[in-house]
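Only one structure is covered here, and it is reproduced in the block below.
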Amino acid sequence: MRVLVTGASGFVGGRLATALEEEGHEVRGMTRHPERYDGAGTPVAGDVGDEASLREALAGCEAAYYLVHSLGDEDFERKDADAARAFARAAAAAGVRRIVYLGGLGRDGDQLSRHLRSRREVERLLGETGVPVTVLRAGIVVGHGGVSWEMTRQLVAHLPAMVTPRWVNTRTQPIAVADVVRYLVGVLEAPEAEGRVFEVGGPEVLTYLQMLTRVADIQNRHLFVVPVPLLSPQLSSRWLSLVTDVDITTGRSLIDSMTNEVVVTDDAIRRVVPFDPMDYDQMVLTALLERARERRRAAGERRGGWLARGARR
């Protein structure tokens with residue numbers, strides 16, 4: 001099947017393009033800079049802000065994965081809505097038979113954060129032109145390079161003691177990025193997945209505090225936490241930007257969502273794509289191992305560059 005992967009250079013998209021190609025699909029990796037793309041599949045130029053480019057990227061595709069968002073932008077709700085509308089129109093014009101979208105967990109009856117409300121709106125808008133949409137809703141996705149995971153890892157690495165807001169006691173159901181990709185690939189050709197919303201998560205429901213503590217234990221670190229009930233999302237996001245690589249705007253959006261419980265309430269996906277997802281310790285160890293390997297590879301490339309420059313002298 002010829003499949004377009006938007007966000008093909010991203011945290012989930014890069015892994016997904018590789019997995020789809022391994023399954024024998026013809027992958028198009030959509031990117032704004034195809035000349036720089038070195039991932040799986042064939043790079044194609046496309047920008048969700050340019051509907052004409054989307055029509056060209058989608059031409060001849062039977063299915064498309066929608067993995068883009070504007071979380072780091074102050075005006076992300078409007079931008080994501082406009083992008084979803086444009087993508088839905090382009091997909092319909094191209095004759096795409098299915099869109100697969102990775103959204104966010106959270107009960108519709110709750111007072112959802114701006115970020116989660118935007119994810120719900122994108123779900124709806126993608127289906128407005130009649131192309132069937134399969135939605136996977138996930139909470140925290142754990143894996144090297146993911147923003148939520150990096151926030152967790154860096155907090156534990158940089159702060160043996162930390163002052164934390166109330167959201168550390170909110171429950172979530174983390175899932176490994178490899179398992180998200182496995183679900184995304186699995187629903188592509190499953191007829192029973194067409195037009196449905198699925199919730200995906202790992203086997204454990206944890207609070208954010210438990211997640212931080214488990215990461216510290218795995219790395220043999222001691223973590224001392226002092227909860228402060230009145231620490232606002234704005235102050236929390238500024239605090240995050242000081243001690244992690246997460247910028248203030250993205251941090252604010254993530255922290256707003258951390259007040260919402262994001263737990264799987266329907267495990268129907270397990271019957272469509274049956275396998276046993278990783279437990280939390282396993283996904284953390286996998287992410288840490290991948291980071292260590294990447295750091296070693298980068299160090300080796302730097303050493304090779306130094307040696308080459310020395311030889312030229």
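Please read these numbers as outputs of a predicted model, since none were measured by experiment. Reckoned from all heavy atoms, side chains included, excluding hydrogens, waters and symmetry mates. Note that the numbering runs from 1 along the sequence shown for the chain.
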Measure the spacing between CE of M151 and CD1 of I140 and express it to the nearest 0.5 Å.
6.0 Å
If you take all heavy atoms of L188 and R98, which pair is closest and at what distance?
O-NH1, 3.1 Å
Are Q173 and V262 packed together at the side-chain level, in the sense that at least one heavy-atom pair is separated by less than 4.5 angstrom?
no
Measure from the ring center of F198 to the ring center of Y183 and say whether it is less than 6.0 Å.
no
Does T172 form a side-chain contact (heavy atoms from CB on, under 4.5 Å) with V205? I'd like the steps, not just the answer.
CA-CA 6 Å; T172 185; V205 175; over 6 Å; no
Minimal non-hydrogen separation, E199 against T265, with atom names:
OE1-N, 2.5 Å
When clusters are formed by joining ILVMFWY residues with side-chain heavy atoms under 4.5 Å apart, either directly or through shared neighbours, do V181 and V272 land in the same one?
yes
Residue that, paired with E26, satisfies side chain to side chain contact (heavy atoms under 4.5 Å, CB included) out of M1, E21, R2:
R2
Tell me whether E128 is salt-bridged to R89, with the criterion being a basic N under 4.0 Å from an acidic carboxylate O.
no
d(D80 CG, R85 CZ) to nearest 0.5 Å is 11.0 Å
For R124, does the CZ atom have more than 12 heavy-atom neighbours from other residues, nucleotides or ligands under 6.0 Å away?
yes
Hey, could you give me the CD/CG distance between Q282 and D179, rounded to the nearest 0.5 Å?
8.0 Å
If you apply the rule side-chain contact (heavy atoms from CB on, under 4.5 Å), what do you find for F76 with R114, and how did you get there?
CA-CA 9 Å; F76 72 86; R114 288 177 61 209; 3.6 Å; yes
As a test of understanding, state which of I175, V187, V197 forms a side chain to side chain contact (heavy atoms under 4.5 Å, CB included) with L136.
V187
Check step by step if salt bridge (charged side-chain N to carboxylate O under 4.0 Å, His left out) holds for K79 and D82.
CA-CA 5 Å; K79 289 191 173 182; D82 289 346; over 6 Å; no
Do the numbers put R182 on top of the ring of F275, so that NZ or CZ is under 6.0 Å from the six-membered ring centre and no more than 45° off the axis?
yes
Between V12 and L102, is there a side-chain heavy-atom distance shorter than 4.5 Å?
yes
May I ask you to test the R119-Y101 pair for a side-chain heavy-atom distance under 4.5 Å?
yes
Is there a path of hydrophobic side-chain contacts, each under 4.5 Å between heavy atoms of I/L/V/M/F/W/Y residues, joining V133 to V100?
no
Test side-chain contact (heavy atoms from CB on, under 4.5 Å) applied to R293 and H144, step by step
CA-CA 11 Å; R293 286 173 174 166; H144 175 58; over 6 Å; no
Could you check whether any side-chain N or O of S53 sits under 3.5 Å from a backbone N or O of D47, counting only pairs where one atom can act as donor and the other as acceptor?
yes
How far does CD of E23 sit from CD of E189, to the nearest 0.5 angstrom?
8.5 Å
Validation row: M30, L54 side chains within 4.5 angstrom (heavy atoms):
yes
Give a yes or no on whether a salt bridge exists between R214 and E204, defined as a side-chain N under 4.0 angstrom from a carboxylate O.
yes
Using side-chain heavy atoms (C-beta onward) and a distance below 4.5 Å, is Y280 in contact with Q210?
no
If you take all heavy atoms of A138 and V200, which pair is closest and at what distance?
CB-CG2, 3.7 Å
For E62 and R97, run salt bridge (charged side-chain N to carboxylate O under 4.0 Å, His left out): C-alpha distance rounded to whole Å, both residues' side-chain angles, the deciding distance at 0.1 Å, then the answer.
CA-CA 5 Å; E62 299 167 77; R97 298 206 305 263; 3.2 Å; yes
Just verifying a value: how many Å separate E22 CD and T18 OG1, rounded to the nearest 0.5 Å?
6.5 Å
Output yes when R153 and E150 qualify as a salt bridge under the 4.0 Å nitrogen-oxygen rule, no when they do not.
yes
If you apply the rule salt bridge (charged side-chain N to carboxylate O under 4.0 Å, His left out), what do you find for R15 with E290, and how did you get there?
CA-CA 13 Å; R15 292 168 167 85; E290 187 176 349; 2.8 Å; yes
Given the rule in the side-chain contact (heavy atoms from CB on, under 4.5 Å) test, do N260 and T170 qualify, once you have shown the distances and angles that lead to the verdict?
CA-CA 7 Å; N260 290 119; T170 303; 5.9 Å; no
Least distance between heavy atoms, V142 atom then P174 atom:
CG2-CB, 4.1 Å
Considering all heavy atoms, the nearest T6-L67 contact:
OG1-N, 2.9 Å
Quick one: CG on D217 to CD on Q219, what's the gap to the nearest 0.5 Å?
10.0 Å
Has the side chain of T129 got a donor or acceptor atom that lies under 3.5 Å from a matching backbone atom of A88?
yes
For the hydrophobic clusters of this structure (ILVMFWY residues joined by side-chain heavy atoms under 4.5 Å, transitively), does one cluster hold both L285 and V177?
no
Hydrophobic cluster identity match, L125 and V135, side-chain contacts under 4.5 Å:
no
Taking side chain as C-beta onward, heavy atoms only, is T134 less than 4.5 Å from Y65?
no
By the rule that ILVMFWY residues connect when side-chain heavy atoms come within less than 4.5 angstrom, directly or transitively, which residues belong alongside L289?
none
State, yes or no, whether a side-chain contact exists between V48 and Y66 at a heavy-atom distance under 4.5 Å.
yes
What closest approach, in Å, do V96 and A64 show between heavy atoms, and which atom pair accounts for it?
CG1-N, 4.1 Å
Find out whether I269 and V264 are in side-chain contact, i.e. whether some heavy atom of one side chain is under 4.5 Å from a heavy atom of the other.
no
Can any side-chain N or O of R28 pair as donor or acceptor with the backbone N or O of A57 at less than 3.5 Å?
yes
Does D276 form a salt bridge (charged side-chain N to carboxylate O under 4.0 Å, His left out) with R270? I'd like the steps, not just the answer.
CA-CA 9 Å; D276 293 323; R270 301 290 299 275; 3.3 Å; yes
Indicate if I99 and V27 have the same hydrophobic cluster label, given that clusters are the connected sets of ILVMFWY residues with side-chain heavy-atom separations under 4.5 angstrom.
no
